[in-house]
Peer 1: 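Pasting in a structure now, in structure tokens, and then I'll have a few things to ask.
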Amino acid sequence: MVDGIFDSHAHYDDKAFDPDRDTVLRSLAGAGVRRVMNVGSDMESSRSGIGLGRIYPFLWSSVGIHPASAGEATEENLSLLAELSQEPKVMAIGEIGLDYHYDDSCPREVQLLAFERQLQLARELDLPVIIHSREAANDTMALLKKYRPRGIVHCFSGSLEMAKEVLKLDMYIGFTGVLTFKNARKAVEVAAYAPADRLLLETDCPYMAPEPLRGRRCDSTMLPYTLEKLAAIKGLSPEEMASITFRNACTVYGIAD
Ligand code: NI
């Protein structure tokens, strides 16, 4: 077993964990998972993530409004986010971004405004960002180039061209269990191209369980499958890959090693 894995993107506040959240979180160290970034997706989950950070010493959190909830990004809530970001274990603004796969549930102009306002907030607060971008590469890159934030494009699903632009901005690229899927050709190509010191491992749990557990509720104990795949792509041992991605996550989030 590889010890010392950092799950750089998880949603333990999600209701999928209501029946057994504490049991799952206490089992992570036994699977070699030593640190977790719990990522906020709306006002309520941002607050819950801070609560989890108070209970579990190995868990940090981010606060932010996901494009699916972009309607929540009122000026009042943005000030509340700025306040929440002052909590000691809040290390990033996210997840924020654009999701045009779901633009019927939240119109693009609402998403664009919420994204831009949160990029401004991250700049004012000098915090890194966690970016969600799905079927919205052009608009995402235009705003990233305008604000040039530090941070991560998570669950990377873009093209190699987009990855090159993200790397030019000195941002990191996060891979989930999708990397292990049989049809993951694009993600594999990006992982092979990107330098190891720009890569992050993440579950995005409770979603995106890796093969051979695809379809099940995901948690960080499944991350070793994604780790093995990424290590194989980079020609490194799983131990080396775990240690590199652990360090990368600590660097981008500003957490001491
Ligand atoms: Ni997520």
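The analysis underlying the following values was restricted to heavy atoms, covering all of them including side chains, and did not include hydrogens, waters or symmetry mates. For ligands, and for the atoms within them, numbers begin at 1 and follow the listed sequence.
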Peer 1: By atom name, which N, O or S atom belonging to D204 lies closest to the Ni ion (ligand 1)?
Peer 2: OD1
Peer 1: When you measure from the Ni ion (ligand 1) to each N, O or S atom of H9, which atom gives the shortest distance?
Peer 2: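 Looking at H9, the N, O or S atom with the least distance to the Ni ion (ligand 1) is NE2.
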Peer 1: In plain terms, say whether D7 and R35 are close enough for a salt bridge, that is, a side-chain N and a carboxylate O under 4.0 Å apart.
Peer 2: no
Peer 1: Applying the ring-ring contact (aromatic ring centres under 6.0 Å, His included) criterion to H132, which one of H9, H11, H66 satisfies it?
Peer 2: H66
Peer 1: Which atom, counting only N, O or S, brings E95 closest to the Ni ion (ligand 1)?
Peer 2: OE2
Peer 1: If we ignore hydrogens and angles and just use 3.5 Å, is the side chain of K234 paired with the main-chain N or O of M241 as donor and acceptor?
Peer 2: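 No: the side chain of K234 does not pair with the backbone of M241.
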Peer 1: Does F181, at its CZ atom, have more than 12 non-hydrogen atoms belonging to other residues, nucleotides or ligands within less than 6.0 Å?
Peer 2: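 Counting neighbours around CZ of F181, more than 12 heavy atoms of other residues, nucleotides or ligands fall under 6.0 Å, so yes.
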Peer 1: Under 2.8 Å from the Ni ion (ligand 1), can any N, O or S atom of H11 be found?
Peer 2: yes
